[in-house]
Amino acid sequence: MAYPRRVAGHLDPAEYRRWSLEAELQLRGARRDGEAGDHSLASFRSEQAAQLALKAVLRGIGQPGWGHDLMTLITAAADRLGGGLADPELDEAAKRLSVHYIASRYPDAFAQGTAAEHYSASIASAALADAEAITAACRRTWNVLESEDG
């Protein structure tokens, strides 16, 4: 893994932890939802986990991390930090996860049926894998930043 660029100023570990704990909560929930067969919810929670993990890193370095667009968030983090977040595979994971923000919850995202009817175990599993990749990259990036700041 390439190391993140040094961030000017101080890190905010409390703010990082506050957001990363929520990311981990959503990731655990996505796993449970998938195991229970609630595939649309598992996909949504996977997207949320990635969003929260990216916001944790951004807010931990004093950046705003506003909004819900994963591509905007991952681009902001990669531009600011480089390193393991500047990865085309993570960009692709963010693109795949982004579709679950609306479609997984709203019946009018599709011409007919419920959102849940348009999801399957394989879709939820892929979403979880993408979320795990993004949250792990955020965790590694933060760990490097903290070790350099210490």
Asks: With sequence neighbours left out, write down each residue that passes ring-ring contact (aromatic ring centres under 6.0 Å, His included) with Phe110, or none if nothing qualifies.
Replies: His118
Asks: Is the backbone N or O of Pro64 less than 3.5 Å from a side-chain atom of Arg59, with the two atoms forming a donor-acceptor pair by type?
Replies: yes
Asks: Pairs under 3.5 angstrom only: tabulate donor-acceptor contacts from the side chains of residues 85-95 to other protein residues two or more places apart or in another chain.
Replies:
residue: Asp87; atom: OD1; partner: Glu89; partner atom: N; Å: 2.8

Asks: Who else is in the cluster with Leu52 when I, L, V, M, F, W and Y are joined by side-chain contacts under 4.5 Å?
Replies: Trp19
Asks: Under a 3.5 Å distance rule, please check whether Asp69 uses its side chain to pair with a backbone N or O of Thr72 as donor and acceptor.
Replies: yes
Asks: For Ala121, does its backbone N or O pair with a side-chain atom of Ser125 as donor and acceptor, under 3.5 Å?
Replies: no
Asks: Does any pair with a residue in residues 108-135 pass salt bridge (charged side-chain N to carboxylate O under 4.0 Å, His left out), and if so which ones, sequence neighbours excluded?
Replies: Arg31-Glu132, Arg96-Asp130
Asks: For Ser120, check side-chain hydrogen bond (donor to acceptor under 3.5 Å, both in side chains) against everything at least two apart and list the hits.
Replies: Ser122
Asks: Give a yes-or-no answer on whether the side chains of Gln51 and Glu47 include a donor-acceptor pair shorter than 3.5 Å.
Replies: yes
Asks: With sequence neighbours left out, what residues match Ser104 under side-chain contact (heavy atoms from CB on, under 4.5 Å)?
Replies: Ser40, Phe44, His100, Tyr119
Asks: Does some side-chain heavy atom of Tyr101 sit less than 4.5 Å from a side-chain heavy atom of Leu70?
Replies: no
Asks: Hey, is the main chain of His68 close enough, under 3.5 Å, to the side chain of Lys55 for a donor-acceptor pair?
Replies: no
